[in-house]
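So the structure is just underneath, and the comments pick up after that.
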Protein chains: 2
Amino acid sequence: MERLIRSTQELLWERGYVGTSPKAIQRAADAGQGSMYHHFAGKAELAKAAIERSGLELRAAAEEQFEEPGTATDRITHYLERERDVLRGCRIGRLTADPDVMGDPELRAPVAETFAWLRSRLAEIVAEGKRKGEYPDRLDAEQTAATIAAVLQGGYVLARAAGSVEPFELAVQGLINLLPEATK
Amino acid sequence: MERLIRSTQELLWERGYVGTSPKAIQRAADAGQGSMYHHFAGKAELAKAAIERSGLELRAAAEEQFEEPGTATDRITHYLERERDVLRGCRIGRLTADPDVMGDPELRAPVAETFAWLRSRLAEIVAEGKRKGEYPDRLDAEQTAATIAAVLQGGYVLARAAGSVEPFELAVQGLINLLPEATK
DNA sequence: GTCTATACCGCGATAGAC
DNA sequence: GTCTATCGCGGTATAGAC
């Protein structure tokens, strides 16, 4: 049952919801048909569990960087430059392309919540940077937070399109260079 | 045949490659089975034509903004703020999530080329801004170009996740505010 | 060129045995 | 709880008539 969820997470990441069949999940989890349908009502319910799990993991991984000591830019930079499996893309952001996920409120909710959390967490950090004089007052925390999150998500897209991590790294460095710096 | 391509473009945009069946295309194009397979060897070939077409259209639409008069920031801002069907996402960027597209060199090529073009075109504009003294020398044109493209692609992702254009608009404004300004 | 018929396969789920 | 059998449906393609 744990294996079913983990396998579903992997397959959703790689192939999305539409591209993932119950049979493929069972194969990957080394579980039988009966087992899967005993624990979960169907594909959607299993996907829901997997997406929620992935959302929690994303938050935990991000929070690790956010809690690092240092200035706001330090923490944001840590987060942006964290080691990532860039060419696999974002497990959550990916689902945004899936009409069956976006069309089902149960599946969509964890996706929406994950990004809502991420943006508000980033906004807190930017706001703190403003309070401490690291950033000018005119910098809008919500806007900047959205920009940071977007660069990551878009970086994945560009990298996958190019088949190379380069565009991702360029985009991230480009953003870091644009962030206001008190020290320069 | 023209209708087949157009319908495929629409369906790929909405449902992706995996989620689009030949039958659905035929329905949308009001064409028969035989007609489709007469003109195209199969789903992949038709998709290739549709993706190439969408790539050309994306380039044409972007070039329209890039050719506007004004400073580099003006032109970039025009491009970023152009009216878009944000919640539908990017027709090309979307395909990046599709393993069957990324796995087929024929289908992947037009996706890769479109973004390669976009980034190099944006880099030219940034470079011109540097030459004209609008941007400082230390601004890296390729990095900044990647950042701009990423904000758009990521903005779509965030907007779709939220079910609202707001995050897209925040991300775009956040980026514009981060761009160096000679006039302020 | 376009139509209809046909084929084979895998999807997603249910049923009932063990 | 897990297994196997079975089901109806749609995906993707081919064949041959018109």
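Below, chain A is the first sequence line, B the second, and so on; all start at residue 1. Just so it is clear, the structure is predicted and the values come from calculations on it, not from any experiment.
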*Using a strict cut-off of less than 4.0 Å between a Lys/Arg side-chain nitrogen and an Asp/Glu carboxylate oxygen, indicate whether B/Arg131 and B/Glu124 qualify as a salt bridge.*
no
*Which residues share a ring pair (Phe, Tyr, Trp, His ring centres under 6.0 Å) with B/Tyr37, sequence neighbours left out*: none
_Please enumerate all residues that pass side-chain contact (heavy atoms from CB on, under 4.5 Å) together with B/Val165, with sequence neighbours excluded._
B/Val86, B/Leu87, B/Glu169
*Between atom CD in B/Gln26 and atom C1' in D/dT12, what is the gap in whole Å?*
10 Å
*From the 5' end of DNA chain C to its 3' end, which nucleotides mark the outer limits of contact with chain B, defined by a 4.0 Å heavy-atom distance cut-off (strictly under)?*
C/dG1 to C/dT4
_Polar contact flag, side-chain donor to acceptor under 3.5 angstrom, B/Thr73-B/Glu181_ = no
*Pairs flagged by salt bridge (charged side-chain N to carboxylate O under 4.0 Å, His left out) wherever residues 48-61 of chain B is involved - sequence neighbours left out*: B/Glu2-B/Arg53, B/Arg6-B/Glu57, B/Lys48-B/Glu52, B/Lys48-B/Glu106, B/Glu57-B/Arg91
Below 3.5 Å, can you tabulate the donor-acceptor pairs from side chains in residues 144-153 of chain B to any protein atom, sequence neighbours excluded?
residue  : atom : partner  : partner atom : Å
B/Thr144 : OG1  : B/Asp140 : O            : 2.7
B/Thr147 : OG1  : A/Ala171 : O            : 2.8
B/Thr147 : OG1  : A/Leu175 : N            : 3.3
B/Thr147 : OG1  : B/Gln143 : O            : 3.0

Please tabulate, one pair per line, all N/O donor-acceptor pairs under 3.5 Å involving side-chain atoms of residues 21-30 of chain A, not counting sequence neighbours.
residue : atom : partner : partner atom : Å
A/Ser21 : OG   : A/Ala24 : N            : 3.1
A/Gln26 : NE2  : A/Pro22 : O            : 3.3
A/Gln26 : NE2  : A/Gln33 : OE1          : 3.1

*Rounded interatomic separation in angstrom, taking CD from A/Gln33 and P from D/dT6*: 14 Å
*Specify the closest pair of heavy atoms between B/Arg88 and B/Glu14, including all atoms of both residues, with the distance to one decimal.*
NH2-OE1, 4.5 Å
_Any residue of residues 35-45 of chain A with a heavy atom less than 4.0 Å from an atom of DNA chain D_ = A/Ser35, A/His38, A/His39
*Taking only residues two or more places apart in sequence or in another chain, which ones pass side-chain hydrogen bond (donor to acceptor under 3.5 Å, both in side chains) with A/Asp74?*
A/Thr71
_B/Phe40: partners by ring pair (Phe, Tyr, Trp, His ring centres under 6.0 Å), with sequence neighbours left out_ = none
*asked:* Minimum heavy-atom separation for A/Cys90 and A/Leu58, please, with both atom names.
replied: SG-CD1, 4.1 Å
*Could you pull out all residues at least two apart from A/Phe168 that satisfy ring pair (Phe, Tyr, Trp, His ring centres under 6.0 Å)?*
A/Tyr156
_Nucleic acid contacts - residues 5-24 of chain A versus DNA chain D, non-hydrogen atoms under 4.0 Å_ = none
*Locate the shortest heavy-atom distance separating A/Ala161 from B/Ala112; write the atom from each residue and the value.*
O-CB, 3.2 Å
*For residues 94-105 of chain A, which residues have at least one heavy atom under 4.0 Å from DNA chain C?*
none
